[in-house]
Amino acid sequence: MDGSGGRAVALGVVVVVLALVGAACGGGAAPTGPGATPTGTSPTAVDLTGQRVEVVAVWGEDTGEGEKFKRVLDAFAQQTGAQVQYTPSGGVDLTTFIGTRIQGGNPPDVAMLPNPGLLRDFATQGVLKPIEDIAGDLVDQNFAPSWRELASHEGTLYGVYFKGANKSTVWYNKGIFEQAGVQPPSTWEDLLAAAQTISDSGLAAPFAIDGGTAWVLTDWFENVYIRTAGPGLYDQLARHEIPWTHDSVRTALETLAQVFGKPDWILGGPSGALQASFPSDALRIAGDQPEAAMYYEGDFLGGILASEAGAQLGQDVDFFDFPSIGGSGPAVVGGGDVAVLFTDNPAAQQLIRFLATPEAAEIWAALGGFSSPNRNVDPSVYPDDISRRSAVALAQAEVFRFDLSDLAPAAFGGTTGQGMFKGLQDFLRNPRDVEGTMQYLEEQAQQAYGS
C-alpha cells in the first residue's frame with residue numbers, strides 16, 4: 001500500500017508531516033512541574049529533553065503500519081526532546097509479551113492494545129495507570145462518548161483510542177455494477193435486489209465470502225445484528241446478559257440467511273467459501289476478470305485490493321456503507337488500537353496526551369492506510385476519497401460498537417473450531433438450521449462466560 005511514488009511524492013509527504021507536527025506545537029503554556037498536563041497545554045510544548053519513553057505495539061518496524069506509527073512517535077520526539085524507543089512485539093501474543101515484561105518488573109511505559117478486552121484484563125490486574133487527569137479533557141473534546149466508554153473500566157479512563165477500523169463497509173466492482181445496471185444499495189432490500197439482478201445477468205457471483213476465515217462471518221453477523229436488534233441488545237449480547245437463543249438472534253440469523261441461503265449468490269457456493277481464507281476470495285472482486293461483484297469487510301480491505309490485486313480504488317472498486325435493515329439508523333461496527341499507560345513516567349504521560357490530539361492522528365492519516373476515531377481530525381489530510389469517507393463515517397458515527405467477537409471471551413469470540421467461529425461456519429454450511437445454531441452458540445457462551 002505504501003508503494004513507490006518518486007522523490008516528489010516523498011518530499012510532499014515530508015512537507016505535510018512537518019506542517020502537521022508544527023501545528024501540534026502551538027498554544028498553551030508549559031506545565032509547572034514534570035509530567036503536569038494542564039488543560040489546553042499542547043504535549044509537544046513541554047520540554048522533555050533527556051527523558052525516555054518506551055512504546056510497545058504489534059506493528060513490526062519493517063511493515064507499513066510500524067513505519068508510519070514510528071513517524072508519529074518521531075514527531076513527538078522531535079518536538080519535545082524526549083527519546084522514544086519503539087518495541088514491536090515481534091509476532092508474540094501481546095498479552096504474553098507485556099505480561100512477561102510486567103512479571104520481570106520492566107513494563108513498557110506505553111502500549112497499544114488491539115481491543116477493549118486486553119484493557120479490561122490489565123486494568124483488573126491493577127497494572128494500568130488511570131489517565132483522566134492526563135488526557136481526559138482531550139478525550140472529551142476529540143472523541144465520541146462511545147470511545148471513552150471503550151477506553152474505560154468500571155468508570156475509570158485508562159486509554160486513548162488512536163487507530164480505528166470501520167468494519168461496516170461493503171466493497172464492490174464498479175464495472176459489474178454498471179454493466180448490470182445496479183446502484184450501490186442503501187437498504188437491505190435494495191442489496192438483495194441488486195444481488196438478484198447481478199446473479200441473473202451472469203456477469204459474476206453477487207458475493208464472495210472467505211468463510212474459511214471465521215472472523216469474516218462474525219463481522220457479517222455483527223453488522224446484521226446491530227441493525228436488526230439495535231445497540232442496546234448488542235451490548236447485552238456482548239456481555240451475555242441475554243442468551244444466544246434470544247429472539248433478536250433468531251431475527252438476525254434469519255436475515256443473514258437471505259444471503260447465506262442463496263448458494264448461487266456466493267462464489268464457489270457455501271462449500272467453496274468455507275475453503276477460502278481471507279483475502280483470497282476478496283481479491284476476486286478485482287482484476288481483469290472479476291468473479292464476484294461484492295465483498296463485505298472493513299475499510300482495511302481497500303489497501304489489500306490495491307496492493308495485492310492492483311485495483312484502482314474509486315475507479316475499479318469502491319465501497320458503500322453496510323445497508324440499513326428495516327429502517328435502522330446509521331451504525332458502524334469496528335475495531336481500534338488503544339494507547340494505555342503502565343508507568344508514571346512524565347514523558348509517557350505527555351505521549352498519551354499527544355496521541356489524543358488530532359495533530360498526532362493527522363500525521364499517520366496523511367500517509368494513508370489509517371482511520372482515526374478522533375472526530376476533530378481534518379478530513380482533507382486523508383490522501384484519497386476512499387479512506388476519507390470511511391474514516392469520517394467511523395469518527396462521526398452516532399452509533400459505534402466495537403467488534404462483538406473481540407468483546408467476548410476469546411474461547412467464544414476468537415478461537416478456531418469453537419464458539420462463534422464454528423457456529424457461524426456451520427450456519428453458512430446450513431443456514432436453514434437457525435435453531436441449532438442458536439442452541440450451539442448459547443451452550444458455547446455459557447462455557448466461555450462461566451454462566
Taking all heavy atoms of [X] and all of [Y], pick out the closest pair and write down the distance.
| X | Y | value |
| --- | --- | --- |
| A356 | N142 | O-ND2, 2.9 Å |
| A393 | N166 | CB-ND2, 3.7 Å |
| T80 | P43 | CG2-O, 3.5 Å |
| S248 | L233 | CB-CD1, 3.9 Å |
| N374 | A395 | O-CB, 3.9 Å |
| V377 | S372 | CG2-OG, 3.6 Å |

Going by distance alone, is a donor N or O of one side chain under 3.5 Å from an acceptor N or O of the other, for [X] and [Y]?
| X | Y | answer |
| --- | --- | --- |
| T87 | Q85 | yes |
| Q83 | R52 | yes |
| E241 | H246 | no |
| T343 | N345 | no |
| D299 | S371 | yes |
| T187 | D190 | yes |
| E442 | Q446 | yes |

Between [X] and [Y] (side chain of the first, backbone of the second, donor and acceptor by atom type, cut-off under 3.5 Å), is there such a pair?
| X | Y | answer |
| --- | --- | --- |
| N115 | L118 | yes |
| N223 | K167 | yes |
| E222 | S405 | yes |
| R227 | A331 | yes |
| D406 | P116 | no |
| T213 | S277 | no |
| E297 | T169 | no |

Measure the acute angle between the ring planes of [X] and [Y], then classify it against the limits of 30° and 60° as parallel, tilted or perpendicular.
| X | Y | value |
| --- | --- | --- |
| W220 | F322 | perpendicular |
| H153 | Y158 | tilted |
| F402 | F400 | perpendicular |
| F370 | W364 | parallel |
| F69 | Y86 | perpendicular |

task: Show your working on salt bridge (Lys or Arg N to Asp or Glu O under 4.0 Å) between R148 and E132 and close with a plain yes or no.
output: CA-CA 10 Å; R148 168 182 269 274; E132 184 65 57; 2.9 Å; yes
- prompt: Do V333 and Y234 pass the side chain to side chain contact (heavy atoms under 4.5 Å, CB included) test, and can you show the C-alpha distance, the side-chain angles, and the key distance before you say yes or no?
  reply: CA-CA 11 Å; V333 174; Y234 185 100; 3.9 Å; yes
query: Where do R120 and E154 land on the salt bridge (Lys or Arg N to Asp or Glu O under 4.0 Å) test, with the steps shown first?
result: CA-CA 9 Å; R120 288 196 305 269; E154 296 183 347; over 6 Å; no
Going by an N to O cut-off under 4.0 Å, is there a salt bridge joining [X] and [Y]?
| X | Y | answer |
| --- | --- | --- |
| R284 | D281 | yes |
| K174 | D316 | no |
| R389 | D318 | yes |
| R353 | D137 | yes |

Reference residue M294; test side-chain contact (heavy atoms from CB on, under 4.5 Å); the match among V259, L191, N173: L191
task: For E65 and K70, run salt bridge (Lys or Arg N to Asp or Glu O under 4.0 Å): C-alpha distance rounded to whole Å, both residues' side-chain angles, the deciding distance at 0.1 Å, then the answer.
output: CA-CA 9 Å; E65 288 181 315; K70 283 192 67 179; over 6 Å; no
field: Pairing residues for D210 by the salt bridge (Lys or Arg N to Asp or Glu O under 4.0 Å) criterion, not counting sequence neighbours
entry: none
task: Quick one: do V399 and I226 satisfy side chain to side chain contact (heavy atoms under 4.5 Å, CB included)? Show the steps, please.
output: CA-CA 10 Å; V399 175; I226 199 169; 4.2 Å; yes
- prompt: Within 45° of the axis and under 6.0 Å from the centre of the six-membered ring of Y440, does NZ or CZ of K422 qualify?
  reply: yes
